[in-house]
Amino acid sequence: MVSNNTSITVTILGSGTCVPSLKRSSCSVMMEIGTTKLLFDSGPGTMRRLLESDTTIFDIDYIFYSHFHPDHTAELVPFLFATKYPGNVQRKIPLTVVAGKGFSSFYEKLTAVYGHWIEIAPGMFQIQEFDNKGPDSRRFELFTVDSVPVAHNEESIAFRIKTLEGLSVVYSGDTDYSESLVNLAGQSDLLICESALPDGSEVNGHLTPSLAGKIASRAEVKKLALTHFYPECDQVDMVQQCRKTYSGPLVLAEDLMRIEVSGKQEN
Ligand SMILES: [Zn+2]
Ligand SMILES: [Zn+2]
């Protein structure tokens, strides 16, 4: 088990937003640590992109939700409904959902609407809420999770996943410029950061390439992947905008892109 656990494989499932797009599905990222599979957000289209990545919903051990906007959570209901077909028997491993405070209430409201159609067999589903007012941290079997609140929604948190060997990947979720994200991302091997709109088109609650670059530079991350692109982003040179503030390794996310994070890659 430990020998498997020397890298984190990141697959961008959806690099887009709420805007329907054949090229960019709504937000979702998968991380694989050994055979353990972690999903970060599940916007519409996530289950199809999982299949395109040779993964089924039954392979997912954890879902982490950065916040509750539909472009990040809407596929949860179809995910749970599909898990029950046929008769709750295909899932062999429990599903753990990790999210900021308020998720249990969010889930209860979904079950008030959909009832038993989305309720997974006893013992196969649990929720872990993280603090949304300050930093939080928890240890799981193969990794630790640190979180901080970020500037978007009340429940919004960003996650840092760290393996037992010390590799770390940070997922920003949606956020405006956040000092807390700079701290969380410090020295990480990869920062997957939202960059929703081009420079000059800033809106509250979101970043642009140069703001994301500023966070990455200040945090001294080893690699930056920009994602969560509204269509306007595909009309401009996002790399050039990011280069105003960040000079390290940089990738622009595309659906089904894989990024291997391993100790060997760092020089
Ligand atoms: Zn959002
Ligand atoms: Zn979003």
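First listed ligand is number 1; within each ligand, the first listed atom is number 1.
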Parallel, tilted or perpendicular: ring planes of Phe103 versus Tyr107, cut at 30 and 60 degrees: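 Phe103 and Tyr107: parallel rings.
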The Zn ion (ligand 2) to nearest N/O/S of His67 less than 2.8 Å: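 So His67 does not count as coordinating the Zn ion (ligand 2).
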Heteroatom test (N, O or S) for His72 near the Zn ion (ligand 1), limit 2.8 Å: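 His72 does not place any N, O or S atom closer than 2.8 Å to the Zn ion (ligand 1).
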Apex the Zn ion (ligand 1); atoms Asp174 OD2 and His69 ND1; angle rounded to 10 degrees: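 So the angle at the metal works out to 170°.
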Side-chain donor-acceptor contact under 3.5 Å, Asp41 with Ser66: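 A pair is found: one side chain offers a donor N or O, the other an acceptor, under 3.5 Å apart.
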Distance-only polar pair, side chains of Glu129 and Ser104, donor-acceptor under 3.5 Å: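 A donor-acceptor contact under 3.5 Å links the two side chains.
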Closest His228 atom to the Zn ion (ligand 2) [N, O or S only]: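 For His228, the N, O or S atom at the smallest distance from the Zn ion (ligand 2) is NE2.
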Atom name in Asp71, limited to N/O/S, at shortest distance from the Zn ion (ligand 2):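 Looking only at N, O and S atoms of Asp71, the one nearest the Zn ion (ligand 2) is named OD2.
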Donor-acceptor contact below 3.5 Å, side chain Asn132 vs main chain Glu154: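 It does hold such a pair.
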Ring centre gap for Phe64 and Phe40 strictly below 6.0 Å: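 Ring-ring flag for Phe64/Phe40: true, centres closer than 6.0 Å.
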